[in-house]
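A quick write-up on the structure given underneath.
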Amino acid sequence: MLSRLRSQKVQEIATAYLFLVPAIVILGTFVIGPVLYAIYLSFFDYDILSPETARFIGLGNYFEAFRDPVFKKAFTNVVIYAAGVVPTQMVIALILALMVTTGVRGQNFFRVAYFIPTVTSSVVVSIMFLYIYSKTGLLNHILGWFGIPPVSWMENARTALLSIMMMNVWSTVGQYMVLFTAGLNDIPDSYYEAAMVDGATYWQRLRYITLPLLRPTTLFVSIMSVIGTLQLFDQPYLMTNGQGGPADATMTVVLYVYKNAFGGYFRMGYASALATILFVVILALTYIQKRWFGEEVQY
């Protein structure tokens with residue numbers, strides 16, 4: 001009997017691994033393999049146009065990165081970008097989620113309306129906002145009603161990054177609204193009913209029930225938002241013709257990685273080192289966020 005149970009268990013484990021083989025192969029080929037190879041290349045002076053001249057330089061690429069003023073500027077830009085975008089889009093997304101889960105009239109319409117920018121191509125969004133930000137665009141037209149002179153939003157180093165930040169908040173807040181909505185719907189109504197019986201106000205229910213029980217969703221949204229902002233690439237590339245200007249005001253780490261690897265420099269080793277640094281930073285921030293929010297809530 002015991003041998004039969006062991007045989008059945010071994011068979012179940014073997015079957016499970018058999019079904020996992022396709023996923024493991026795909027993950028290893030297109031995710032883990034490239035990551036490991038990028039880390040390997042980061043220790044070489046490697047030109048993709050002449051790979052035969054590659055030479056091992058150890059940590060040389062990393063030392064160069066920390067001396068590189070463009071990389072420092074790009075890293076500063078993404079830190080400022082993340083610090084501004086992440087809390088803003090999380091707060092707005094939570095407010096919208098609370099609005100569309102309170103049973104207001106037309107809530108299905110608002111859910112769709114808020115989510116449409118998320119499924120819109122980043123190319124379309126970037127081109128649309130280029131027109132909005134132009135000197136004769138909609139934004140300057142509205143500001144003109146208040147006597148504010150037109151601003152060259154994407155041509156001014158002081159406003160270029162802010163312009164992309166505002167566009168990104170508008171285009172991604174719907175995605176996180178949906179996640180917060182799902183988290184709110186998972187909270188049992190009995191908690192709110194008990195609190196109302198005890199005389200708790202709306203703000204007390206929000207503070208002591210909604211926000212604590214929404215912590216797992218908040219953690220997930222926070223991690224995804226930070227990763228998305230640190231990996232910013234398409235909007236600066238599309239809106240600055242791949243240059244990250246003006247004066248590197250919209251240069252990001254991923255855009256700088258692209259420029260070093262494929263944008264004319266063809267320094268794959270140095271680009272791999274920059275990508276590895278970004279990977280370590282994202283990994284560290286994810287760990288910090290996980291510790292900050294603590295254990296998941298069970299209810």
Side-chain angles (χ1 to χ4, degrees), residues 78-120 125 129 139 142-143 145-146 148 161-232 282 284-299:
V78 295
V79 170
I80 295 173
Y81 183 88
V85 170
V86 171
T88 302
Q89 63 186 9
M90 287 184 64
V91 170
I92 295 176
L94 179 57
I95 293 174
L96 294 178
L98 290 170
M99 289 174 56
V100 300
T101 55
T102 54
V104 297
R105 180 179 298 180
Q107 64 179 7
N108 290 331
F109 167 78
F110 289 114
R111 288 178 181 177
V112 174
Y114 295 143
F115 190 70
I116 283 178
T118 301
V119 296
T120 304
V125 172
F129 270 83
L139 182 56
I142 295 175
L143 293 177
W145 297 344
F146 304 96
I148 302 175
L161 185 62
L162 176 63
S163 302
I164 297 179
M165 291 168 66
M166 293 189 296
M167 179 188 67
N168 189 273
V169 170
W170 177 85
S171 63
T172 59
V173 72
Q175 173 185 354
Y176 301 121
M177 178 205 69
V178 171
L179 295 174
F180 275 127
T181 301
L184 290 171
N185 290 332
D186 281 341
I187 299 177
D189 292 335
S190 57
Y191 291 175
Y192 295 108
E193 294 169 358
M196 292 174 66
V197 169
D198 290 338
T201 65
Y202 173 81
W203 296 109
Q204 289 175 327
R205 298 196 300 271
L206 177 65
R207 178 180 178 183
Y208 296 107
I209 298 177
T210 304
L211 295 181
L213 296 183
L214 204 60
R215 195 167 61 199
T217 304
T218 306
L219 171 62
F220 178 75
V221 170
S222 174
I223 290 175
M224 296 302 295
S225 182
V226 169
I227 292 175
T229 52
L230 293 181
Q231 291 182 336
L232 180 68
I282 290 176
L285 288 177
T286 302
Y287 176 76
I288 292 172
Q289 288 174 281
K290 177 66 176 177
R291 293 295 300 270
W292 177 269
F293 283 95
E295 298 296 328
E296 292 190 358
V297 178
Q298 302 294 332
Y299 50 83

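One-based numbering along the sequence shown. Since the structure is predicted, the reported quantities are computational estimates derived from the model, not experimental observations.
In this structure a side-chain-to-backbone donor-acceptor pair under 3.5 Å is missing from Thr120 to Val125. Under a 3.5 Å cut-off, the side chain of Thr229 and the backbone N or O of Ser225 do form a donor-acceptor pair. Within the 3.5 Å criterion, the main-chain N or O of Met196 finds no donor-acceptor partner in the side chain of Arg205. Put simply, the side chain of Gln89 never gets that close to the backbone of Tyr176: no donor and acceptor are under 3.5 Å apart.
Ile164 CD1 to Phe129 CZ: the interatomic distance, rounded to the nearest 0.5 Å, is 11.5 Å. Interatomic distance, CD1 of Ile187 versus CG of Leu214, reported as 5.5 Å (0.5 Å rounding). Taking CG of Leu206 as the reference point, atom CG of Leu94 lies at 7.0 Å (rounded to 0.5 Å). Of the inter-residue distances, the one linking Ile92 atom CD1 with Trp170 atom CH2 reads 13.0 Å to the nearest 0.5 angstrom. A distance of 12.0 Å separates CD1 in Ile282 from CD1 in Ile223, rounded to the nearest 0.5 Å. Atoms CE and OH, from Met177 and Tyr114 in turn, are 8.0 Å apart once rounded to the nearest 0.5 Å.
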**OP:** Decide yes or no on side chain to side chain contact (heavy atoms under 4.5 Å, CB included) for Leu184 and Leu98, but give the supporting numbers first.
**Re:** CA-CA 8 Å; Leu184 290 171; Leu98 290 170; 3.8 Å; yes

**OP:** In sequence, state the C-alpha distance, the side-chain angles, and the governing distance for Thr181 and Phe115, and then conclude on side chain to side chain contact (heavy atoms under 4.5 Å, CB included).
**Re:** CA-CA 12 Å; Thr181 301; Phe115 190 70; over 6 Å; no

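Taking both residues in full, the closest heavy atoms of Ala195 and Ile209 are given as CB-CD1, 3.6 Å, listed atom of the first, atom of the second, then distance. Here the shortest heavy-atom pairing between Leu230 and Ala82 reads CD2-CB, 4.3 Å. Taking both residues in full, the closest heavy atoms of Pro212 and Arg207 are given as CD-O, 3.2 Å, listed atom of the first, atom of the second, then distance.
The environment of Phe220 atom CZ is sparse: at most 12 non-hydrogen atoms of other residues, nucleotides or ligands sit within 6.0 angstrom. Annotation for Met224: atom CE does not count as buried by contact number, only 12 or fewer foreign heavy atoms lying within 6.0 Å.
Using a 4.5 Å heavy-atom threshold, the side chains of Val169 and Met165 count as separate. Using a 4.5 Å cut-off on side-chain heavy atoms (C-beta onward), Leu232 and Val85 make no contact.
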